[in-house]
Amino acid sequence: DTGPKVPETTTKSIIDLLPRTVFFFRKDIFSYIDIPNNFSLTKNSVRVGQLMHFDYSSHKYVFSISNNFKSLLPEISPILNKHYSVCAVVGNSGILTGSHCGPEIDQADFVFRCNFAPTDVYSKDVGRKTNMTTFNPSILERYYNNLLTIQDRNNFFLHLKKLEGAILWIPAFFLHTSATVTRTLVDFFWDEGHMIHVSRFISYWKTKNLSPKRLSTGILMYTLAFSMCDEIHLYGFWPFGWDPNTGKDLPYHYYDKKGTKFTTKWQETHQLPSEFKLLYKLHREGVTKLGLSHCT
């Protein structure tokens with residue numbers, strides 16, 4: 001084992017607080033990924049002139065680290081030495097519709113969310129509390145017109161303010177096609193954002209026979225939560241178009257107001273059923289808690 005080692009203090013806290021199955025799963029992750037230091041790019045993690053390869057693009061596409069880019073990076077990772085008892089990782093599945101899980105989610109010590117998902121209108125089902133959310137560059141293009149007009153920027157800024165200091169996690173080097181959008185994001189709200197490179201995350205999940213075209217945001221958040229949380233509760237992780245409790249049709253996202261029908265597009269890209277099967281196995285082994293029914 002030549003990977004990064006678990007710090008002695010971290011190891012002791014895990015042994016004292018967690019079941020053995022959780023401890024060994026976390027130790028397994030840490031043998032592949034130094035999560036606190038790989039969480040975000042920092043000034044010390046890159047050098048000027050370094051070529052960054054995109055995780056899901058041909059190796060001919062690279063990004064060269066400039067002095068200006070490096071100057072924007074934080075000094076240290078914002079999750080370094082952060083520790084919480086109970087965390088909620090909230091996916092965006094339509095299974096959350098009508099779940100009444102909002103109050104339960106908001107009781108968690110730390111709440112991870114995915115892709116800047118809306119909460120206000122849906123708070124009774126998904127809660128309001130947000131400590132960290134991801135932001136795929138494609139969201140800027142899809143919902144905010146790449147900030148081309150003043151109105152686009154105002155709309156984006158108003159939604160950004162609702163984060164109230166939460167960490168914004170930008171997968172900057174997923175695809176080379178997102179490079180331009182990433183630069184726009186950096187210019188607009190760098191004080192709130194942290195950019196990542198996920199190649200080590202990809203390598204780890206390949207050892208679990210999970211090799212999709214792209215890892216889902218949910219599985220990335222789940223991996224990250226293991227470096228910070230003693231107990232992890234998953235909500236909105238159900239990759240199928242029918243409700244397991246009622247049998248009724250579900251939209252892909254809980255916030256799809258028009259009830260967008262579930263398609264196979266996302267399974268083909270992310271292998272969501274395979275991810276779910278793995279998460280359900282970890283649930284049955286007591287490593288995590290996967291919620292699939294309505295909350296009381």
Side-chain angles (χ1 to χ4, degrees), residues 22 84-135 139 143 158-169 216-222 224-226 228-263 266-267 270 272-273 275-296:
V22 180
Y84 303 93
S85 178
V86 178
C87 295
V89 182
V90 186
N92 297 335
S93 168
I95 196 174
L96 283 171
T97 303
S99 68
H100 299 281
C101 287
E104 186 174 302
I105 291 171
D106 284 344
Q107 287 178 5
D109 300 311
F110 196 95
V111 179
F112 300 83
R113 296 190 187 272
C114 301
N115 292 336
F116 212 46
T119 58
D120 287 352
V121 179
Y122 314 95
S123 60
K124 70 176 182 179
D125 294 327
V126 305
R128 292 180 180 273
K129 185 175 182 179
T130 302
N131 300 105
M132 181 184 299
T133 184
T134 61
F135 193 102
I139 295 174
Y143 298 110
L158 289 174
H159 289 166
L160 190 65
K161 283 183 66 176
K162 294 178 181 179
L163 289 180
E164 297 180 346
I167 298 170
L168 208 58
W169 203 47
S216 74
T217 301
I219 204 78
L220 291 174
M221 287 290 94
Y222 178 66
L224 178 59
F226 256 94
M228 303 167 60
C229 313
D230 293 332
E231 189 174 305
I232 302 172
H233 295 237
L234 300 179
Y235 301 85
F237 282 74
W238 175 253
F240 305 105
W242 47 274
D243 190 320
N245 305 294
T246 66
K248 294 181 179 179
D249 289 345
L250 289 175
Y252 181 62
H253 293 133
Y254 68 79
Y255 49 82
D256 284 334
K257 296 179 181 179
K258 296 180 180 179
T260 304
K261 293 295 183 180
F262 195 90
T263 72
W266 295 280
Q267 292 104 313
H270 295 303
L272 295 181
E275 285 190 4
F276 174 79
K277 184 178 180 180
L278 179 56
L279 292 173
Y280 187 69
K281 178 177 182 291
L282 294 172
H283 165 77
R284 295 191 64 178
E285 293 173 353
V287 174
T288 194
K289 295 187 178 181
L290 177 64
L292 296 176
S293 59
H294 292 178
C295 299
T296 57

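Note that this is a predicted model, so its numbers are computed, not measured.
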Inter-residue atom distance Leu292.CG - Phe276.CZ, 0.5 Å rounding:
5.0 Å
With a 4.5 Å cut-off on side-chain heavy atoms, are Val121 and Tyr255 touching?
no
Between the main-chain N or O of Gly102 and the side-chain N or O of Asp125, is there a donor-acceptor pair closer than 3.5 Å?
no
What is the minimum heavy-atom distance between Asn115 and Thr133, and which atoms define it?
N-OG1, 3.8 Å
Measuring from His294:NE2 to Leu96:CG, what's the distance to the nearest 0.5 Å?
9.0 Å
Quick one: closest heavy-atom pair of Thr134 and Thr217, and the distance?
OG1-CG2, 3.0 Å
Heavy-atom distance under 4.5 Å between the side chains of Leu278 and Glu275, does that happen here?
no
Closest heavy-atom pair and its distance - Asp120, Arg128:
OD1-NH1, 3.3 Å
Flag, side chain of Asp243 to backbone of Leu250, donor-acceptor distance under 3.5 Å
no
Applying salt bridge (charged side-chain N to carboxylate O under 4.0 Å, His left out), which residue pairs with at least one partner in residues 92-118 are found, sequence neighbours left out?
none
Looking at side-chain heavy atoms only, is the closest gap between Phe226 and Ile232 below 4.5 Å?
yes
Going by atom type alone, with no hydrogens or angles, which donor-acceptor pairs under 3.5 Å involve a side-chain atom of residues 85-93 and a protein atom two or more places apart or on another chain?
unit_1, atom_1, unit_2, atom_2, d
Asn92, ND2, Cys114, O, 3.0
Ser93, OG, Ile95, N, 3.1
Ser93, OG, Trp238, O, 2.9

Can you tell me how far apart CG (Leu220) and CH2 (Trp169) are? Round to the nearest 0.5 Å.
5.0 Å
A side-chain contact here means heavy atoms from C-beta on lying under 4.5 Å apart; do Phe112 and Met228 qualify?
yes
Closest heavy-atom pair, Phe110 versus Asn131, reported as atoms and distance to 0.1 Å, is CA-OD1, 3.3 Å
Salt bridge (charged side-chain N to carboxylate O under 4.0 Å, His left out) involving Lys289 - partner list, sequence neighbours excluded:
Glu231
Check this for me: Tyr280, atom OH, are more than 12 non-hydrogen atoms of other residues, nucleotides or ligands nearer than 6.0 Å?
no
